[in-house]
Asks: 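Could you have a look at this structure, given as C-alpha coordinates, before my questions?
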2 protein chains.
Amino acid sequence: MERTDTAGYDPRARRLNRRIVVRAALDLVDADGLEALSMRRLGQALGRDPMALYRHAASRKELLAGVVELVLEEVEVFPDDGTSWEEQLRRMAHELRRVCLLHPNVVPVIVTGPLSTPLGLRPAGTLKPLEQVLGLLIDAGFTPADALHVYRAFYGFLYGHILNELQELIADPEENEALLRLGLQRLPLRDFPHLRRMAPELLEYNGEQELDQGMSILLSGLSQQFAPAAAI
Amino acid sequence: MERTDTAGYDPRARRLNRRIVVRAALDLVDADGLEALSMRRLGQALGRDPMALYRHAASRKELLAGVVELVLEEVEVFPDDGTSWEEQLRRMAHELRRVCLLHPNVVPVIVTGPLSTPLGLRPAGTLKPLEQVLGLLIDAGFTPADALHVYRAFYGFLYGHILNELQELIADPEENEALLRLGLQRLPLRDFPHLRRMAPELLEYNGEQELDQGMSILLSGLSQQFAPAAAI
DNA sequence: CCTGTAGATCTACAGTGTAGACAAGAAGCG
DNA sequence: CGCTTCTTGTCTACACTGTAGATCTACAGG
(Lines give C-alpha, C1' and ligand atoms only; values in the text may rest on other atoms or scores of the structure.)
Protein backbone atom coordinates (compact mmCIF):
# COMPACT_ATOMS: atom_id res chain seq x y z
CA MET A 1 0.00 0.00 0.00
CA GLU A 2 0.95 3.59 -0.16
CA ARG A 3 4.50 3.89 -1.25
CA THR A 4 6.34 1.32 0.80
CA ASP A 5 8.14 -0.48 -1.99
CA THR A 6 9.39 2.03 -4.49
CA ALA A 7 11.76 -0.47 -5.99
CA GLY A 8 12.53 -4.02 -5.01
CA TYR A 9 13.78 -3.76 -1.46
CA ASP A 10 11.07 -4.20 1.11
CA PRO A 11 11.36 -1.93 4.10
CA ARG A 12 12.60 -3.16 7.46
CA ALA A 13 14.33 -5.96 5.59
CA ARG A 14 17.81 -5.12 6.71
CA ARG A 15 19.74 -2.12 7.75
CA LEU A 16 19.77 0.92 5.65
CA ASN A 17 22.86 2.04 3.87
CA ARG A 18 23.73 4.96 1.69
CA ARG A 19 23.11 3.13 -1.55
CA ILE A 20 19.60 2.20 -0.58
CA VAL A 21 18.74 5.65 0.66
CA VAL A 22 20.08 7.46 -2.39
CA ARG A 23 18.50 4.94 -4.71
CA ALA A 24 15.12 5.46 -3.07
CA ALA A 25 15.58 9.20 -3.29
CA LEU A 26 16.20 8.93 -7.00
CA ASP A 27 13.13 6.79 -7.45
CA LEU A 28 11.06 9.33 -5.62
CA VAL A 29 12.37 12.20 -7.70
CA ASP A 30 11.89 10.29 -10.92
CA ALA A 31 8.35 9.45 -10.00
CA ASP A 32 7.07 12.64 -8.42
CA GLY A 33 9.55 15.40 -9.10
CA LEU A 34 12.14 17.26 -7.13
CA GLU A 35 9.79 18.94 -4.72
CA ALA A 36 8.38 15.61 -3.69
CA LEU A 37 11.70 14.65 -2.18
CA SER A 38 11.40 15.44 1.50
CA MET A 39 13.01 13.60 4.33
CA ARG A 40 9.66 12.62 5.73
CA ARG A 41 8.37 11.21 2.48
CA LEU A 42 11.60 9.42 1.82
CA GLY A 43 11.53 7.98 5.31
CA GLN A 44 8.03 6.77 4.71
CA ALA A 45 9.03 5.21 1.40
CA LEU A 46 11.69 3.26 3.23
CA GLY A 47 9.55 2.44 6.23
CA ARG A 48 11.88 4.23 8.59
CA ASP A 49 11.89 7.29 10.71
CA PRO A 50 12.89 10.35 8.72
CA MET A 51 15.75 10.96 11.07
CA ALA A 52 17.25 7.61 10.22
CA LEU A 53 18.25 9.02 6.87
CA TYR A 54 20.68 11.41 8.46
CA ARG A 55 22.89 8.47 9.36
CA HIS A 56 23.51 8.01 5.64
CA ALA A 57 23.29 11.49 4.18
CA ALA A 58 24.41 14.59 5.97
CA SER A 59 21.60 16.79 4.72
CA ARG A 60 19.04 17.10 2.00
CA LYS A 61 21.51 18.90 -0.20
CA GLU A 62 24.07 16.23 0.25
CA LEU A 63 21.43 13.64 -0.51
CA LEU A 64 20.65 15.38 -3.76
CA ALA A 65 24.31 15.43 -4.62
CA GLY A 66 24.28 11.69 -4.13
CA VAL A 67 21.33 11.39 -6.46
CA VAL A 68 23.19 13.33 -9.12
CA GLU A 69 26.20 11.12 -8.71
CA LEU A 70 24.04 8.04 -9.03
CA VAL A 71 22.51 9.28 -12.24
CA LEU A 72 25.88 10.15 -13.71
CA GLU A 73 27.07 6.66 -12.94
CA GLU A 74 24.51 5.45 -15.42
CA VAL A 75 26.45 7.12 -18.18
CA GLU A 76 28.26 4.35 -19.95
CA VAL A 77 31.83 5.23 -20.56
CA PHE A 78 33.19 3.54 -23.63
CA PRO A 79 36.82 2.70 -24.08
CA ASP A 80 38.76 4.60 -26.69
CA ASP A 81 38.00 2.74 -29.86
CA GLY A 82 39.91 3.68 -32.97
CA THR A 83 37.46 6.30 -34.24
CA SER A 84 38.23 9.99 -34.53
CA TRP A 85 37.94 12.28 -31.54
CA GLU A 86 34.99 13.94 -33.24
CA GLU A 87 33.06 10.71 -33.41
CA GLN A 88 33.89 9.87 -29.83
CA LEU A 89 32.70 13.24 -28.57
CA ARG A 90 29.56 12.84 -30.57
CA ARG A 91 28.88 9.47 -29.03
CA MET A 92 29.51 10.74 -25.53
CA ALA A 93 27.07 13.55 -26.12
CA HIS A 94 24.35 11.17 -27.17
CA GLU A 95 25.04 8.98 -24.20
CA LEU A 96 24.73 11.79 -21.69
CA ARG A 97 21.58 12.96 -23.38
CA ARG A 98 20.13 9.48 -23.12
CA VAL A 99 20.71 9.28 -19.40
CA CYS A 100 19.39 12.77 -18.76
CA LEU A 101 16.18 11.98 -20.59
CA LEU A 102 15.73 8.98 -18.32
CA HIS A 103 15.81 11.29 -15.30
CA PRO A 104 14.48 14.63 -16.46
CA ASN A 105 13.57 15.74 -12.97
CA VAL A 106 17.16 15.46 -11.88
CA VAL A 107 18.57 17.54 -14.71
CA PRO A 108 18.07 20.92 -13.03
CA VAL A 109 20.19 19.71 -10.15
CA ILE A 110 22.78 18.23 -12.46
CA VAL A 111 23.38 21.44 -14.33
CA THR A 112 22.88 23.74 -11.39
CA GLY A 113 24.06 21.75 -8.44
CA PRO A 114 27.81 21.93 -8.86
CA LEU A 115 27.52 25.70 -8.74
CA SER A 116 29.24 26.76 -5.59
CA THR A 117 31.09 23.48 -5.34
CA PRO A 118 34.63 24.29 -6.40
CA LEU A 119 35.94 21.99 -9.04
CA GLY A 120 38.61 20.46 -6.88
CA LEU A 121 36.14 19.30 -4.28
CA ARG A 122 33.67 17.51 -6.47
CA PRO A 123 33.22 13.80 -6.15
CA ALA A 124 35.52 11.78 -8.35
CA GLY A 125 32.62 10.39 -10.33
CA THR A 126 31.72 13.84 -11.58
CA LEU A 127 35.28 14.52 -12.68
CA LYS A 128 35.73 11.29 -14.56
CA PRO A 129 34.20 12.59 -17.79
CA LEU A 130 36.40 15.67 -17.67
CA GLU A 131 39.48 13.52 -17.38
CA GLN A 132 38.33 11.25 -20.12
CA VAL A 133 37.68 14.02 -22.59
CA LEU A 134 40.97 15.71 -21.80
CA GLY A 135 42.80 12.48 -22.39
CA LEU A 136 41.00 11.86 -25.62
CA LEU A 137 41.80 15.30 -26.97
CA ILE A 138 45.39 15.35 -25.86
CA ASP A 139 45.93 11.98 -27.44
CA ALA A 140 44.44 13.40 -30.61
CA GLY A 141 47.11 16.04 -30.68
CA PHE A 142 45.62 19.01 -28.88
CA THR A 143 47.70 21.00 -26.46
CA PRO A 144 46.41 20.79 -22.88
CA ALA A 145 45.20 24.38 -23.02
CA ASP A 146 43.31 23.81 -26.24
CA ALA A 147 41.91 20.57 -24.94
CA LEU A 148 40.44 22.52 -22.06
CA HIS A 149 38.87 25.04 -24.40
CA VAL A 150 37.39 22.29 -26.49
CA TYR A 151 36.11 20.54 -23.41
CA ARG A 152 34.36 23.68 -22.26
CA ALA A 153 32.79 24.36 -25.61
CA PHE A 154 31.69 20.76 -25.83
CA TYR A 155 30.10 20.50 -22.42
CA GLY A 156 28.70 23.98 -22.57
CA PHE A 157 26.88 23.14 -25.72
CA LEU A 158 25.82 19.75 -24.50
CA TYR A 159 24.31 20.98 -21.26
CA GLY A 160 22.65 23.80 -23.08
CA HIS A 161 21.10 21.45 -25.56
CA ILE A 162 19.79 19.12 -22.91
CA LEU A 163 18.18 22.00 -21.06
CA ASN A 164 16.61 23.24 -24.25
CA GLU A 165 15.34 19.85 -25.19
CA LEU A 166 13.68 19.35 -21.85
CA GLN A 167 11.92 22.65 -22.25
CA GLU A 168 10.69 21.77 -25.66
CA LEU A 169 8.82 18.57 -24.96
CA ILE A 170 7.23 18.64 -21.58
CA ALA A 171 3.62 17.82 -22.15
CA ASP A 172 2.52 14.95 -24.32
CA PRO A 173 2.55 15.88 -27.96
CA GLU A 174 -1.19 15.51 -28.30
CA GLU A 175 -2.24 18.49 -26.30
CA ASN A 176 1.08 20.12 -27.02
CA GLU A 177 -0.03 20.97 -30.49
CA ALA A 178 -3.23 22.66 -29.45
CA LEU A 179 -1.47 24.45 -26.64
CA LEU A 180 1.31 25.68 -28.84
CA ARG A 181 -1.00 27.01 -31.50
CA LEU A 182 -3.16 28.64 -28.92
CA GLY A 183 -0.15 30.16 -27.26
CA LEU A 184 1.23 31.51 -30.48
CA GLN A 185 -2.16 32.89 -31.40
CA ARG A 186 -2.06 34.95 -28.28
CA LEU A 187 1.04 36.80 -29.36
CA PRO A 188 0.49 40.10 -31.12
CA LEU A 189 1.23 39.66 -34.80
CA ARG A 190 3.10 42.91 -35.16
CA ASP A 191 5.57 42.05 -32.43
CA PHE A 192 6.06 38.38 -33.25
CA PRO A 193 5.67 37.94 -36.98
CA HIS A 194 8.27 35.20 -37.41
CA LEU A 195 7.50 33.26 -34.31
CA ARG A 196 3.84 32.99 -35.18
CA ARG A 197 4.67 31.38 -38.48
CA MET A 198 6.90 28.83 -36.83
CA ALA A 199 4.25 26.52 -35.46
CA PRO A 200 4.88 23.66 -37.91
CA GLU A 201 8.64 23.77 -37.39
CA LEU A 202 8.25 23.98 -33.64
CA LEU A 203 6.09 20.89 -33.60
CA GLU A 204 8.54 18.73 -35.46
CA TYR A 205 11.22 18.87 -32.84
CA ASN A 206 13.48 15.85 -32.71
CA GLY A 207 15.92 16.09 -29.88
CA GLU A 208 18.33 13.41 -30.98
CA GLN A 209 18.58 14.80 -34.46
CA GLU A 210 18.88 18.33 -33.15
CA LEU A 211 21.74 17.32 -30.90
CA ASP A 212 23.44 15.52 -33.71
CA GLN A 213 23.13 18.50 -35.95
CA GLY A 214 24.39 20.79 -33.23
CA MET A 215 27.33 18.50 -32.72
CA SER A 216 28.12 18.65 -36.39
CA ILE A 217 28.11 22.40 -36.25
CA LEU A 218 30.28 22.50 -33.18
CA LEU A 219 32.72 19.88 -34.35
CA SER A 220 33.10 21.41 -37.75
CA GLY A 221 33.82 24.71 -36.07
CA LEU A 222 36.19 23.07 -33.65
CA SER A 223 38.33 21.31 -36.19
CA GLN A 224 38.50 24.50 -38.18
CA GLN A 225 39.44 26.70 -35.25
CA PHE A 226 41.83 24.38 -33.51
CA ALA A 227 43.67 22.08 -35.83
CA PRO A 228 45.08 19.31 -33.68
CA ALA A 229 48.83 19.43 -34.14
CA ALA A 230 49.42 15.80 -34.96
CA ALA A 231 46.75 13.47 -36.26
CA ILE A 232 49.09 10.55 -35.55
CA MET B 1 17.93 48.97 10.79
CA GLU B 2 17.79 45.34 9.97
CA ARG B 3 16.79 45.05 6.41
CA THR B 4 14.07 47.59 6.03
CA ASP B 5 15.44 49.50 3.07
CA THR B 6 16.92 47.11 0.60
CA ALA B 7 16.97 49.73 -2.10
CA GLY B 8 15.70 53.28 -2.18
CA TYR B 9 12.02 53.00 -1.41
CA ASP B 10 11.30 53.37 2.26
CA PRO B 11 8.64 51.07 3.57
CA ARG B 12 5.13 52.25 4.29
CA ALA B 13 5.77 55.09 1.88
CA ARG B 14 2.92 54.35 -0.43
CA ARG B 15 0.97 51.40 -1.58
CA LEU B 16 2.69 48.38 -2.87
CA ASN B 17 2.54 47.38 -6.49
CA ARG B 18 3.94 44.53 -8.46
CA ARG B 19 6.99 46.41 -9.64
CA ILE B 20 8.06 47.24 -6.13
CA VAL B 21 7.49 43.75 -4.84
CA VAL B 22 9.35 42.03 -7.66
CA ARG B 23 12.14 44.55 -7.52
CA ALA B 24 12.59 43.94 -3.79
CA ALA B 25 12.55 40.21 -4.40
CA LEU B 26 15.34 40.58 -6.92
CA ASP B 27 17.37 42.67 -4.50
CA LEU B 28 16.94 40.05 -1.85
CA VAL B 29 18.01 37.24 -4.15
CA ASP B 30 20.97 39.21 -5.41
CA ALA B 31 22.10 39.95 -1.90
CA ASP B 32 21.47 36.71 -0.07
CA GLY B 33 20.76 34.01 -2.61
CA LEU B 34 17.72 32.16 -3.80
CA GLU B 35 16.95 30.39 -0.58
CA ALA B 36 16.81 33.66 1.26
CA LEU B 37 13.73 34.65 -0.68
CA SER B 38 10.79 33.78 1.51
CA MET B 39 7.53 35.61 1.73
CA ARG B 40 8.16 36.50 5.33
CA ARG B 41 11.58 37.95 4.69
CA LEU B 42 10.37 39.82 1.69
CA GLY B 43 7.48 41.18 3.66
CA GLN B 44 9.85 42.32 6.33
CA ALA B 45 12.11 43.96 3.75
CA LEU B 46 9.14 45.95 2.54
CA GLY B 47 7.78 46.66 5.99
CA ARG B 48 4.55 44.87 5.25
CA ASP B 49 2.75 41.78 6.29
CA PRO B 50 3.89 38.77 4.28
CA MET B 51 0.36 38.17 3.13
CA ALA B 52 0.24 41.55 1.50
CA LEU B 53 2.53 40.24 -1.21
CA TYR B 54 -0.10 37.87 -2.46
CA ARG B 55 -2.06 40.79 -3.79
CA HIS B 56 0.74 41.36 -6.27
CA ALA B 57 2.12 37.92 -6.96
CA ALA B 58 0.04 34.80 -7.03
CA SER B 59 2.61 32.58 -5.39
CA ARG B 60 6.28 32.27 -4.71
CA LYS B 61 6.82 30.57 -8.03
CA GLU B 62 5.05 33.28 -9.86
CA LEU B 63 7.10 35.83 -7.98
CA LEU B 64 10.28 34.14 -9.10
CA ALA B 65 9.04 34.18 -12.66
CA GLY B 66 8.62 37.90 -12.26
CA VAL B 67 12.17 38.19 -11.01
CA VAL B 68 13.43 36.34 -14.06
CA GLU B 69 11.44 38.60 -16.32
CA LEU B 70 12.84 41.65 -14.58
CA VAL B 71 16.39 40.44 -15.05
CA LEU B 72 15.84 39.67 -18.70
CA GLU B 73 14.52 43.16 -19.19
CA GLU B 74 17.96 44.38 -18.33
CA VAL B 75 19.27 42.79 -21.48
CA GLU B 76 19.74 45.64 -23.88
CA VAL B 77 18.35 44.80 -27.25
CA PHE B 78 20.18 46.60 -30.00
CA PRO B 79 18.56 47.50 -33.27
CA ASP B 80 19.75 45.71 -36.36
CA ASP B 81 22.82 47.65 -37.37
CA GLY B 82 24.44 46.81 -40.65
CA THR B 83 26.87 44.21 -39.35
CA SER B 84 26.76 40.54 -40.26
CA TRP B 85 24.43 38.17 -38.47
CA GLU B 86 27.49 36.50 -36.95
CA GLU B 87 28.60 39.71 -35.31
CA GLN B 88 25.13 40.47 -34.07
CA LEU B 89 24.76 37.05 -32.49
CA ARG B 90 28.13 37.46 -30.90
CA ARG B 91 27.14 40.77 -29.42
CA MET B 92 23.88 39.43 -28.10
CA ALA B 93 25.73 36.59 -26.44
CA HIS B 94 28.04 38.95 -24.63
CA GLU B 95 25.13 41.08 -23.57
CA LEU B 96 23.21 38.19 -22.05
CA ARG B 97 26.34 37.02 -20.32
CA ARG B 98 26.86 40.47 -18.87
CA VAL B 99 23.40 40.57 -17.35
CA CYS B 100 23.62 37.04 -16.00
CA LEU B 101 26.87 37.83 -14.24
CA LEU B 102 25.16 40.75 -12.57
CA HIS B 103 22.59 38.37 -11.09
CA PRO B 104 24.31 35.04 -10.68
CA ASN B 105 21.86 33.84 -8.07
CA VAL B 106 19.02 34.15 -10.52
CA VAL B 107 20.68 32.16 -13.27
CA PRO B 108 19.55 28.74 -12.05
CA VAL B 109 15.97 29.93 -12.27
CA ILE B 110 16.53 31.51 -15.65
CA VAL B 111 17.82 28.36 -17.25
CA THR B 112 15.65 25.97 -15.32
CA GLY B 113 12.49 27.89 -14.71
CA PRO B 114 10.87 27.76 -18.10
CA LEU B 115 10.95 23.98 -17.88
CA SER B 116 7.38 22.87 -17.66
CA THR B 117 6.12 26.16 -18.98
CA PRO B 118 5.15 25.43 -22.57
CA LEU B 119 6.66 27.82 -25.02
CA GLY B 120 3.37 29.32 -26.06
CA LEU B 121 2.49 30.38 -22.57
CA ARG B 122 5.63 32.18 -21.59
CA PRO B 123 5.53 35.89 -20.94
CA ALA B 124 6.15 37.99 -24.01
CA GLY B 125 9.35 39.40 -22.58
CA THR B 126 10.93 35.97 -22.57
CA LEU B 127 9.98 35.35 -26.18
CA LYS B 128 11.27 38.64 -27.50
CA PRO B 129 14.85 37.40 -27.96
CA LEU B 130 13.62 34.36 -29.83
CA GLU B 131 11.67 36.54 -32.21
CA GLN B 132 14.58 38.89 -32.65
CA VAL B 133 17.06 36.16 -33.50
CA LEU B 134 14.65 34.51 -35.89
CA GLY B 135 14.11 37.78 -37.67
CA LEU B 136 17.79 38.46 -37.87
CA LEU B 137 18.56 35.09 -39.35
CA ILE B 138 15.69 35.04 -41.78
CA ASP B 139 16.68 38.47 -43.00
CA ALA B 140 20.19 37.12 -43.46
CA GLY B 141 18.84 34.53 -45.84
CA PHE B 142 18.19 31.48 -43.70
CA THR B 143 15.06 29.45 -44.23
CA PRO B 144 12.73 29.54 -41.22
CA ALA B 145 13.56 25.94 -40.40
CA ASP B 146 17.29 26.58 -40.50
CA ALA B 147 16.88 29.77 -38.52
CA LEU B 148 15.27 27.71 -35.81
CA HIS B 149 18.13 25.23 -35.79
CA VAL B 150 20.64 28.02 -35.59
CA TYR B 151 18.70 29.66 -32.81
CA ARG B 152 18.72 26.46 -30.82
CA ALA B 153 22.40 25.86 -31.29
CA PHE B 154 23.12 29.45 -30.38
CA TYR B 155 21.09 29.59 -27.21
CA GLY B 156 22.00 26.10 -26.19
CA PHE B 157 25.62 26.98 -26.34
CA LEU B 158 25.12 30.33 -24.68
CA TYR B 159 23.21 28.99 -21.72
CA GLY B 160 25.67 26.19 -21.36
CA HIS B 161 28.56 28.58 -21.32
CA ILE B 162 26.98 30.81 -18.73
CA LEU B 163 26.33 27.87 -16.46
CA ASN B 164 29.88 26.68 -16.87
CA GLU B 165 31.31 30.08 -16.21
CA LEU B 166 29.36 30.46 -13.02
CA GLN B 167 30.69 27.15 -11.83
CA GLU B 168 34.21 28.11 -12.59
CA LEU B 169 34.57 31.26 -10.54
CA ILE B 170 32.56 31.06 -7.39
CA ALA B 171 35.00 31.78 -4.65
CA ASP B 172 37.36 34.70 -4.80
CA PRO B 173 40.44 33.87 -6.82
CA GLU B 174 42.72 34.21 -3.82
CA GLU B 175 41.64 31.16 -1.94
CA ASN B 176 40.50 29.61 -5.16
CA GLU B 177 44.05 28.84 -6.09
CA ALA B 178 44.90 27.06 -2.89
CA LEU B 179 41.63 25.22 -2.94
CA LEU B 180 42.02 24.12 -6.49
CA ARG B 181 45.52 22.84 -6.01
CA LEU B 182 44.52 21.08 -2.85
CA GLY B 183 41.52 19.57 -4.56
CA LEU B 184 43.53 18.33 -7.50
CA GLN B 185 46.14 16.93 -5.16
CA ARG B 186 43.48 14.77 -3.62
CA LEU B 187 42.77 13.00 -6.88
CA PRO B 188 44.60 9.74 -7.45
CA LEU B 189 47.30 10.28 -10.03
CA ARG B 190 46.64 7.09 -11.89
CA ASP B 191 43.00 7.91 -12.50
CA PHE B 192 43.39 11.62 -13.25
CA PRO B 193 46.74 12.16 -14.89
CA HIS B 194 45.69 14.95 -17.23
CA LEU B 195 43.45 16.79 -14.88
CA ARG B 196 46.13 17.02 -12.26
CA ARG B 197 48.46 18.75 -14.66
CA MET B 198 45.82 21.27 -15.58
CA ALA B 199 46.04 23.51 -12.54
CA PRO B 200 47.72 26.44 -14.30
CA GLU B 201 45.28 26.37 -17.19
CA LEU B 202 42.33 26.05 -14.86
CA LEU B 203 43.39 29.11 -12.93
CA GLU B 204 43.62 31.37 -15.93
CA TYR B 205 39.97 31.20 -16.79
CA ASN B 206 38.62 34.25 -18.56
CA GLY B 207 34.92 33.97 -19.11
CA GLU B 208 34.52 36.72 -21.65
CA GLN B 209 37.33 35.42 -23.77
CA GLU B 210 36.12 31.87 -23.42
CA LEU B 211 32.68 32.86 -24.59
CA ASP B 212 34.11 34.77 -27.49
CA GLN B 213 36.21 31.85 -28.52
CA GLY B 214 33.28 29.50 -28.17
CA MET B 215 31.22 31.81 -30.32
CA SER B 216 33.90 31.79 -32.96
CA ILE B 217 33.85 28.03 -32.99
CA LEU B 218 30.09 27.88 -33.16
CA LEU B 219 29.72 30.58 -35.77
CA SER B 220 32.42 29.16 -37.95
CA GLY B 221 30.69 25.82 -37.77
CA LEU B 222 27.34 27.42 -38.41
CA SER B 223 28.29 29.29 -41.53
CA GLN B 224 29.95 26.18 -42.83
CA GLN B 225 27.00 23.89 -42.12
CA PHE B 226 24.21 26.18 -43.13
CA ALA B 227 25.12 28.54 -45.87
CA PRO B 228 22.50 31.29 -45.81
CA ALA B 229 20.83 31.23 -49.20
CA ALA B 230 21.15 34.89 -50.02
CA ALA B 231 23.67 37.20 -48.38
CA ILE B 232 21.90 40.18 -49.99
C1' DC C 1 -22.40 61.47 4.13
C1' DC C 2 -22.53 56.25 2.85
C1' DT C 3 -21.04 52.25 0.38
C1' DG C 4 -18.28 49.21 -2.47
C1' DT C 5 -13.90 47.55 -3.24
C1' DA C 6 -9.16 46.81 -3.31
C1' DG C 7 -5.46 46.44 -0.29
C1' DA C 8 -3.36 45.08 4.07
C1' DT C 9 -3.40 42.32 8.17
C1' DC C 10 -4.24 38.45 11.37
C1' DT C 11 -4.79 33.77 12.55
C1' DA C 12 -4.10 29.20 11.58
C1' DC C 13 -2.63 24.80 9.32
C1' DA C 14 0.03 21.53 7.29
C1' DG C 15 4.46 20.74 5.89
C1' DT C 16 9.66 21.50 5.88
C1' DG C 17 14.92 20.51 7.53
C1' DT C 18 17.30 19.17 11.26
C1' DA C 19 19.49 19.52 16.28
C1' DG C 20 19.70 16.76 20.53
C1' DA C 21 18.50 13.16 23.73
C1' DC C 22 17.60 8.48 24.02
C1' DA C 23 16.90 3.34 22.91
C1' DA C 24 17.82 -0.80 20.38
C1' DG C 25 20.75 -3.68 18.24
C1' DA C 26 25.19 -5.43 16.11
C1' DA C 27 30.00 -6.20 16.75
C1' DG C 28 34.22 -6.88 19.07
C1' DC C 29 36.59 -9.13 22.93
C1' DG C 30 37.42 -11.34 27.40
C1' DC D 1 28.52 -16.82 27.63
C1' DG D 2 28.68 -11.63 29.51
C1' DC D 3 30.23 -7.10 28.96
C1' DT D 4 31.44 -3.07 26.59
C1' DT D 5 31.47 0.02 22.46
C1' DC D 6 29.83 1.85 18.47
C1' DT D 7 26.44 2.13 14.83
C1' DT D 8 21.81 2.68 13.60
C1' DG D 9 17.09 3.92 14.39
C1' DT D 10 13.54 6.58 17.02
C1' DC D 11 11.35 10.33 19.37
C1' DT D 12 10.59 15.02 20.59
C1' DA D 13 11.06 19.68 19.67
C1' DC D 14 12.18 24.08 17.28
C1' DA D 15 12.31 27.42 13.99
C1' DC D 16 10.97 27.92 9.63
C1' DT D 17 8.20 27.61 5.13
C1' DG D 18 3.90 28.73 1.69
C1' DT D 19 -0.57 30.02 1.75
C1' DA D 20 -6.00 29.50 2.63
C1' DG D 21 -9.68 32.15 4.89
C1' DA D 22 -11.65 35.61 7.62
C1' DT D 23 -11.26 40.19 9.04
C1' DC D 24 -9.96 44.91 9.29
C1' DT D 25 -8.67 49.58 6.86
C1' DA D 26 -8.51 53.13 3.69
C1' DC D 27 -9.67 55.16 -0.23
C1' DA D 28 -12.85 55.55 -4.54
C1' DG D 29 -17.18 57.04 -6.54
C1' DG D 30 -21.86 58.37 -5.79
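Throughout, a chain's letter reflects where its sequence line sits, starting with A, and its residues are numbered from 1.
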Asks: Check whether any side-chain heavy atom of A/Arg60 sits under 4.5 Å from a side-chain heavy atom of A/Leu37, and report yes or no.
Replies: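 A/Arg60 vs A/Leu37: side chains touch.
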Asks: Classify the angle between the aromatic ring planes of A/Tyr155 and A/Tyr151 as parallel (below 30°), tilted (30 to 60°) or perpendicular (above 60°).
Replies: tilted
Asks: Does A/Arg15 contact D/dG9 through a side-chain donor or acceptor facing the base, at a distance under 3.5 Å?
Replies: no
Asks: Side chain of A/Arg60 only, please: which of C/dT9, C/dT18, D/dT17 is the nearest?
Replies: C/dT18
Asks: Where the side chain of A/Arg41 is concerned, which of C/dT9, C/dT16, D/dG18 is the nearest nucleotide?
Replies: C/dT16
Asks: Looking only at the side chain of B/His56 (C-beta and beyond, no hydrogens), which of the listed nucleotides D/dT17, C/dA8, D/dG9 gets closest?
Replies: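 The answer is C/dA8, which lies nearest to the side chain.
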Asks: Rounded to the nearest Å, what distance is computed from the CG atom of residue B/Leu53 to the P atom of nucleotide D/dT17?
Replies: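 Nearest whole value for this atom pair: 13 Å.
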Asks: Rounded to the nearest angstrom, tell me the gap between atom CG in B/Leu46 and atom P in C/dG7.
Replies: 16 Å
Asks: Flag the pair A/Glu95 and A/Arg98 as a salt bridge only when some basic side-chain nitrogen lies within less than 4.0 angstrom of an acidic carboxylate oxygen.
Replies: yes
Asks: Using whole Å, what does the distance between atom P of nucleotide D/dT19 and atom CG of B/Leu37 come to?
Replies: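 For the pair B/Leu37 CG and D/dT19 P, the rounded distance is 11 Å.
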Asks: Taking CG from A/Leu64 and P from C/dG17, how many angstroms apart are they, rounded to a whole number?
Replies: 10 Å
Asks: Tell me what B/Arg55 touches on the nucleic acid: a base, only sugar-phosphate, or nothing, going by heavy atoms under 4.0 Å.
Replies: base
Asks: Could you tell me whether the side chain of A/Arg40 has a donor or acceptor atom within less than 3.5 Å of a complementary atom in the base of C/dG17?
Replies: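 Side chain to base: pair present.
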Asks: Under 4.0 Å between any heavy atoms, over every strand shown, what does A/Leu42 touch: base, sugar-phosphate, or nothing? Just pick one.
Replies: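 Nothing, no nucleic acid heavy atom in range.
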Asks: Nearest to the side chain of B/Leu16 - C/dA8, C/dT9, C/dT18?
Replies: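 Nearest to the side chain of B/Leu16 among the choices is C/dA8.
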Asks: Nearest-Å distance, CG (A/Asp49) to P (D/dA13)?
Replies: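 Result: 14 Å.
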Asks: Nearest whole Å is fine: how far is D/dG18 P from B/Glu62 CD?
Replies: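 In whole Å, D/dG18 P and B/Glu62 CD are 14 Å from each other.
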Asks: What I want to find out is whether B/Arg97 reaches B/Glu210 closely enough, with some N-O distance under 4.0 Å, to be called a salt bridge.
Replies: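 Salt bridge: no.
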Asks: Closest to the A/Met51 side chain: D/dT19, D/dG18, C/dG20?
Replies: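 Looking only at side-chain atoms, A/Met51 lies closest to C/dG20.
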Asks: B/Met39 has an atom CE; how far is it from atom P of C/dT16, in whole Å?
Replies: 19 Å
Asks: Checking side-chain contact (heavy atoms from CB on, under 4.5 Å) against A/Val106, which of A/Val67, A/Val111, A/Val99 comes through?
Replies: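 When side-chain contact (heavy atoms from CB on, under 4.5 Å) is applied between A/Val106 and each of A/Val67, A/Val111, A/Val99, only A/Val67 qualifies.
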Asks: Starting from C1' on C/dA8, measure out to OH on B/Tyr54 and report it in whole angstrom.
Replies: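 Going from B/Tyr54 (OH) to C/dA8 (C1'), I get 15 Å.
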